[in-house]
There are 4 protein chains.
Amino acid sequence: MVDGKSTRREQLVAAAFGLVAEVGLEGLRLRRVADAVGIDQSTLHYHVATKAELVEAVAQHAAALLATTAPPRHLPPHEALAAHLDALAGLIATRPELFTVTAELDLRARRDPSVRAVVDRQEAGWREVLVGLHAALDGDDDPAARAELVIAAVKGVRLVPDLAPTVLGRLVEQTTGATR
Amino acid sequence: MVDGKSTRREQLVAAAFGLVAEVGLEGLRLRRVADAVGIDQSTLHYHVATKAELVEAVAQHAAALLATTAPPRHLPPHEALAAHLDALAGLIATRPELFTVTAELDLRARRDPSVRAVVDRQEAGWREVLVGLHAALDGDDDPAARAELVIAAVKGVRLVPDLAPTVLGRLVEQTTGATR
Amino acid sequence: MVDGKSTRREQLVAAAFGLVAEVGLEGLRLRRVADAVGIDQSTLHYHVATKAELVEAVAQHAAALLATTAPPRHLPPHEALAAHLDALAGLIATRPELFTVTAELDLRARRDPSVRAVVDRQEAGWREVLVGLHAALDGDDDPAARAELVIAAVKGVRLVPDLAPTVLGRLVEQTTGATR
Amino acid sequence: MVDGKSTRREQLVAAAFGLVAEVGLEGLRLRRVADAVGIDQSTLHYHVATKAELVEAVAQHAAALLATTAPPRHLPPHEALAAHLDALAGLIATRPELFTVTAELDLRARRDPSVRAVVDRQEAGWREVLVGLHAALDGDDDPAARAELVIAAVKGVRLVPDLAPTVLGRLVEQTTGATR
DNA sequence: TATGAATGAGATTTCATTCAT
DNA sequence: TATGAATGAAATCTCATTCAT
């Protein structure tokens, strides 16, 4: 999962990411992370000062992966939105762990300010894009509300890969139907 | 032992419920639960054998509370759905902790079979009702898909009380618009 | 295992005796003892003040059962000894739990004075009988030593019912051979 | 880490061994073991994963110490047996704790498979040696039975150092008398 | 960079015992 | 006699973190 070029720190973050998907943030143990990378427990602390720091790094890692699905700028709004939701549904199917981790982080963010900062920044960017997209759609009276519905739907379906295409597909249809 | 008040066990479950909302399942400590009720740590184990049992009881408690929002049977489908989503939005505003706990439990259910059993049963019942409702709507071609969209939207917005009315309201509008 | 006539206390002692055979003195739990008799944990303390007292009662119970094998007084020494060892071998085969419990108590006696008192009294009586018996045998130069050998052999074989007849039988033969 | 002295683990096992002799397996507390060595309770778990593992190590330690008394191979059977029983009587006098611990382990072995494995292996080896020795004696008709008598006598007298020489001495005499 | 050893704080659970009813 | 509820003391084990090497 990690090519020879990555830093020890990167390896550790990647390992932690995988473990969170597996056992949850609750079940994350530094011992396991170190084991997964093949170094000693105490050596881990040389690369990552504290567990909180590692979790924050995992959050950043997740945010970076999510950025992949940003809608293409050169397409007309309808198609851009469709492409975006398509990319999300695809990612949910391809890398379900990413969304498990994201769900974990959303919950953790409520109590951990440093995680919240990362999660919020990511979500704010996403929201902005969505609002812009909907504002550009003909006939959409309340772009903000529509954007929120999209966000909610994605968050609500992200843990169930089987349903994601259906749900997100339906969302596109409705949008198209209601605005064209 | 139930003088209109509540059993010790019920008190403990209620206290645990509150604590989960506050600090997450991850942060739940039996010491705290016992303190909240005003009994000794060891006495807690007299009423609830194990931590797992307490968590399961919390899950059942949450499921019971959610059952409150069941759509009324005597109304026509459109209005029943609207009433249901309205009740949900209301509950999200009134008792946000319930939805924090629910979100926690959804995640925990992925690793804890006894929690999963409770969560799955609740969700299955909800899904059934929603599918039935949508099937009764004129012109809905795919009731199952629509039901999933509703479920996803609720799950996706349950942690953000401010947005719930907007998002769920929009969902009703779309449904109405698309099917009437 | 207990007829309708026995006292609650007797029932409790009998139950404790059985449990010690099963799980050792180390594994003895008052909860289990109470359960076995069908009364509440706290009710047990009405009949037996403390766990130590119960253990002491078990020791007395065991001593009483061992007294069964006392050699008959009317027989000549050789035959009396043979009969005694035979009875012991028989009891080891019939009621192995008695000897498991006895072994447990021997060890406990080293740290628990009240158990030691019971165990020592029983053993002293046994020793006296054996010394008397050997003293009455023709040609035994050191009755005390021989008595100790018998005691040691019995204690050493009591946990292995299969070997008891062999070992104790051989002891009789040797005694007979050496003294007749 | 072994400068001629001993590993932390070895120190811990030795300390546990001593404590078992003192307070029994039942009274063995990890806190005490750690204290005896001068390290923190939690550090103990760094060297010995679990209490069960420590107890098993104590059993192995005891087995190793018992191996000391193995009869010399170069002597004729009579003398080898006498030397062996002599060595045992000597060890019982010199290191009585070893035999207390052994008695404790014998009882524990009935419920703890990992202890049983160690205890059984040790006893099997001892038995084999004894049977071989008796088979080599002139005129012994049933070497196995005689070996069992020896084992029983040793086990029966191991907790009473004062009697060990007498009882085991007498055993040698009888063997000599009966077979020569 | 890396490790072995150590630590301290804490968590769940067990159990004999007590007390009011 | 009997019980439900409560307690306190203790025990094992876990885990992030630190420090000397």
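Order of the sequence lines fixes the chain letters, A, B, ..., with proteins taken first and strands second; residue numbering starts at 1 for each chain.
A/R116 has no carboxylate O lying under 4.0 Å from a charged side-chain N of A/D112, or vice versa, which leaves the two without a salt bridge. Comment: A/E22 does not engage B/R111 in a salt bridge, judged by the lack of any side-chain N to carboxylate O separation of less than 4.0 angstrom. D/R31 has no carboxylate O lying under 4.0 Å from a charged side-chain N of D/D40, or vice versa, which leaves the two without a salt bridge.
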Salt bridge (Lys or Arg N to Asp or Glu O under 4.0 Å) between D/R9 and D/E53, worked out: CA-CA 11 Å; D/R9 192 175 209 271; D/E53 187 184 315; 2.4 Å; yes
Salt bridge (Lys or Arg N to Asp or Glu O under 4.0 Å) evaluation trace for D/E104 with C/R110: CA-CA 12 Å; D/E104 293 277 349; C/R110 320 191 97 231; over 6 Å; no
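Rounding to whole angstrom units, CG of residue B/L44 and C1' of F/dG8 are separated by 15 Å. To the nearest angstrom, P of F/dC19 lies 16 Å from CG of A/D40. Rounded to whole angstrom, the span from the NE2 atom of C/H47 across to the C1' atom of E/dT18 amounts to 16 Å. Distance, B/L54 CG to E/dA11 C1': 14 Å, rounded to whole Å. Regarding A/R9, its CZ atom lies at a distance of 14 Å from the P atom of E/dA2, rounded to whole Å. Atom pair B/L19:CG and E/dA11:C1' shows a separation of 15 Å (rounding to whole Å applied). Going from atom CD of A/E26 over to atom C1' of E/dT12 covers 14 Å, rounded to whole Å. Whole-Å rounding puts the C/E53 CD to E/dA16 C1' distance at 14 Å.
Each of D/I39 and A/Y46 lies near DNA chain E, and the nucleotide nearest A/Y46 is the one positioned closer to the 5' end.
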Dot-bracket notation for DNA chain E, counting Watson-Crick and G-U pairs under 3.5 Å, with | for partners on another strand: .||||||||||||||||||||
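The backbone N or O of B/T7 sits less than 3.5 Å from a side-chain atom of B/E10, completing a donor-acceptor pair. In this structure, C/T43 contributes its side chain and C/I39 its backbone to no donor-acceptor pair below 3.5 Å. The backbone N or O of D/L28 lies less than 3.5 Å from a partner atom in the side chain of D/K51, making a donor-acceptor pair.
At least one side-chain nitrogen or oxygen of C/T43 sits closer than 4.0 Å to the OP1 or OP2 atom of F/dT3.
To the nearest whole angstrom, the two P atoms, one in E/dT1 and one in F/dT21, are 22 Å apart.
Closest to the side chain of B/R8, out of F/dA2, F/dA6, F/dT7, is F/dA6.
In this structure A/H45 satisfies the side chain to side chain contact (heavy atoms under 4.5 Å, CB included) test together with A/L30, sequence neighbours excluded.
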Distances for protein N or O near nucleotides 10-14 of chain F N or O, under 3.5 Å:
{"from": "F/dA11", "atom 1": "OP1", "to": "D/R29", "atom 2": "NE", "distance (Å)": "3.2"}
{"from": "F/dA11", "atom 1": "O5'", "to": "D/R29", "atom 2": "NE", "distance (Å)": "3.4"}
{"from": "F/dT12", "atom 1": "OP1", "to": "D/K51", "atom 2": "NZ", "distance (Å)": "3.0"}
{"from": "F/dT12", "atom 1": "OP2", "to": "D/L30", "atom 2": "N", "distance (Å)": "3.4"}
{"from": "F/dC13", "atom 1": "OP1", "to": "D/T50", "atom 2": "OG1", "distance (Å)": "3.0"}
{"from": "F/dC13", "atom 1": "OP2", "to": "D/K51", "atom 2": "N", "distance (Å)": "3.0"}

